[in-house]
Amino acid sequence: MKFVYTDKKNEEMRHILMMRPDLEEAKARLEQDDTDGRALYEYATALANNGRLEEAVEAYSKGIAFNPFYAPCYFGRGRRNNALGHFWGAVADFSVAIQLDPSCWTYWYYRATTLNLKDYVEESMDDFRQCLHLSQPAEHYPLIHWLYTSNVQLGRFEEAEKCLDLIDATVEAPQMDYGYCRVVRLYKGIVKPEEFIDIPAMQKAVLPQENRVNLELNGMYYGLYCYWTLHGEPEKAAQAIRDLQKVAYPGAFGYTKSIPIAKKLGIIE
């Protein structure tokens, strides 16, 4: 099967990812038709954004019941299952979304990160590689970061360095991928380690959302840990994990990956 990237598909998914619907407005739209898949997706997302995850899962499930071929509801439920620690439920939801819409790289990406965070690293890398075929160059920064760090985790340093050839790191990244862009440029030698963390610059460059700088720092410090590990600098790598714990953002991918490392190093209990 040949997959074709389209700007329209990508814009739709970015809208879905960044959607922050008002709960009352979403509820009002749903009252017009409580079986509409898009309306249920928006309402469930509003619930999730207000910390009501169990209710959100129920709303996504209702959307699926009335619209079994509407992939975003499986995707949304998978994200909330992840947040609730329902690993296989999340993987199953993302897998159905992929079957319904295999050209959407976002679905592959979220399944890949879910697998990776549970140490199904090899399986996750297959999905990340699939994402490369379905997305445009500006969106490759997170994919290359995951391939690089996964290879470092597996001790495949030569493969980690090879994957850097898959990206032109002079291409500008979307604003939401600031940290991924910055860390890939570190891996490639475009950014020097001593210049890597620049908080004032980050405050101006990242998405204007509460705690966004700390969220980005979690992934960046984990990337710095992998960078120093590959370059044979264990103390500098350990310091990156120490610094990460100071800005810990529960749920962030980098923080989740750092926890077993920090425990092994005796940084946290």
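All heavy atoms count here, side chains included; hydrogens, waters and symmetry mates do not.
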Sub-4.5 Å side-chain heavy-atom contact between [X] and [Y]:
X: Met220; Y: Leu186; result: no
X: Leu217; Y: Ile199; result: yes
X: Thr229; Y: Phe157; result: yes
X: Met176; Y: Arg212; result: yes
X: Ser135; Y: Leu143; result: yes
X: Tyr74; Y: Phe69; result: no
X: Leu117; Y: Lys257; result: yes
X: Lys188; Y: Ile167; result: yes

Least distance between heavy atoms, [X] atom then [Y] atom:
X: Pro21; Y: Arg29; value: CB-NH2, 4.4 Å
X: Ala44; Y: Ala59; value: CB-CB, 3.6 Å
X: Gly223; Y: Val183; value: CA-CG2, 3.7 Å
X: Met125; Y: Leu154; value: SD-CD1, 4.1 Å
X: Ala160; Y: Tyr148; value: O-CD1, 3.4 Å
X: Ala90; Y: Asn81; value: N-CB, 3.8 Å

Next item on the list: Name all residues meeting the side chain to side chain contact (heavy atoms under 4.5 Å, CB included) criterion together with Lys192; count only those two or more places apart in sequence or in a different chain, and write none if there are none.
Entry: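 With sequence neighbours excluded, Lys192 shows a side chain to side chain contact (heavy atoms under 4.5 Å, CB included) to Glu194, Glu195, given in chain and number order.
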
Notebook entry, point to check: Residues two or more places apart in sequence or in another chain: which of them pass side chain to side chain contact (heavy atoms under 4.5 Å, CB included) with Leu244?
Noted result: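 Partners of Leu244 by the side chain to side chain contact (heavy atoms under 4.5 Å, CB included) criterion, ordered by chain and then number, come out as Asn218, Tyr221, Tyr222, Tyr255, Ser258.
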
Next item on the list: Starting from the C-alpha separation in whole Å, work towards a yes-or-no answer on salt bridge (Lys or Arg N to Asp or Glu O under 4.0 Å) for Glu235 and Arg242.
Entry: CA-CA 10 Å; Glu235 182 47 45; Arg242 293 188 193 98; 2.8 Å; yes

Quick check against the 3.5 Å criterion: does [X] have a side-chain atom that pairs as donor or acceptor with the backbone of [Y]?
X: Asp101; Y: Ala97; answer: no
X: Asn211; Y: Asn214; answer: no
X: Asp177; Y: Tyr180; answer: no
X: Gln175; Y: Val206; answer: yes
X: Asn50; Y: Arg52; answer: no

Could you state whether [X] and [Y] fall into the same hydrophobic cluster, counting links through intermediate Ile, Leu, Val, Met, Phe, Trp or Tyr residues with side-chain heavy atoms under 4.5 angstrom apart?
X: Ile268; Y: Phe253; answer: yes
X: Leu230; Y: Ile261; answer: yes
X: Ile259; Y: Leu115; answer: no
X: Leu166; Y: Val184; answer: yes
X: Leu224; Y: Tyr187; answer: yes

Check: Can you check salt bridge (Lys or Arg N to Asp or Glu O under 4.0 Å) on Glu42 and Arg38, steps first, answer last?
Finding: CA-CA 6 Å; Glu42 290 190 16; Arg38 175 62 181 249; 3.1 Å; yes

Margin query: I'd like to know if the side chain of Thr114 pairs up with that of Asn116 as donor and acceptor (distance under 3.5 Å, no hydrogens or angles considered).
Written below: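 No donor-acceptor contact under 3.5 Å links the two side chains.
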
Check: If you measure only the distance, is there a donor-acceptor pair under 3.5 Å linking the side chains of Gln239 and Asp243?
Finding: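 Per modelled atom types, Gln239 and Asp243 side chains form a pair under 3.5 Å.
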
Set of salt bridge (charged side-chain N to carboxylate O under 4.0 Å, His left out) partners for [X], sequence neighbours left out:
X: Asp22; value: none
X: Arg182; value: none
X: Lys162; value: Glu158, Glu159

Notebook entry, point to check: When Ile, Leu, Val, Met, Phe, Trp and Tyr are grouped by side-chain heavy atoms lying under 4.5 Å apart, directly or through other members, which residues fall in the same group as Leu215?
Noted result: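 Leu215 clusters with Tyr249.
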
Is it true that [X] and [Y] have a side-chain N and a carboxylate O under 4.0 angstrom from each other?
X: Arg77; Y: Glu55; result: no
X: Arg111; Y: Asp93; result: no
X: Glu269; Y: Lys263; result: no
X: Glu31; Y: Lys27; result: no

Item checked: Arg129 and Leu147: CA distance, side-chain angles, deciding distance, side chain to side chain contact (heavy atoms under 4.5 Å, CB included) verdict -> CA-CA 8 Å; Arg129 293 187 190 100; Leu147 289 172; 4.1 Å; yes

Item checked: Pair Trp108 + Phe94: ring centers closer than 6.0 Å ->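 No, too far apart.
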
Notebook entry, point to check: So, Tyr141 versus His145, ring centres under 6.0 angstrom or not?
Noted result: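 Between His145 and Tyr141, which both carry aromatic rings, the centre distance is not below 6.0 Å.
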
Check: Parallel, tilted or perpendicular: which describes the rings of His231 and Tyr227, with under 30° parallel and over 60° perpendicular?
Finding: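 Tilted.
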
Notebook entry, point to check: For the residue pair Tyr110 and Phe75, does the interplanar ring angle fall in the parallel (under 30°), tilted (30 to 60°) or perpendicular (over 60°) class?
Noted result: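 Ring orientation of Tyr110 relative to Phe75: perpendicular.
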
Next item on the list: Return yes when atom NZ of Lys118 has more than 12 non-hydrogen atoms of other residues, nucleotides or ligands closer than 6.0 Å, and no otherwise.
Entry: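 No - once you tally the heavy atoms of other residues, nucleotides and ligands closer than 6.0 Å, there are 12 at most.
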
Notebook entry, point to check: Could you go step by step and tell me if Leu207 and Tyr178 meet the side chain to side chain contact (heavy atoms under 4.5 Å, CB included) rule?
Noted result: CA-CA 8 Å; Leu207 286 171; Tyr178 170 87; over 6 Å; no

Notebook entry, point to check: CG of Asn67 to CG of Asp36: how many Å apart, nearest 0.5 Å?
Noted result: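 Asn67 atom CG to Asp36 atom CG measures 6.5 Å (nearest 0.5 Å).
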
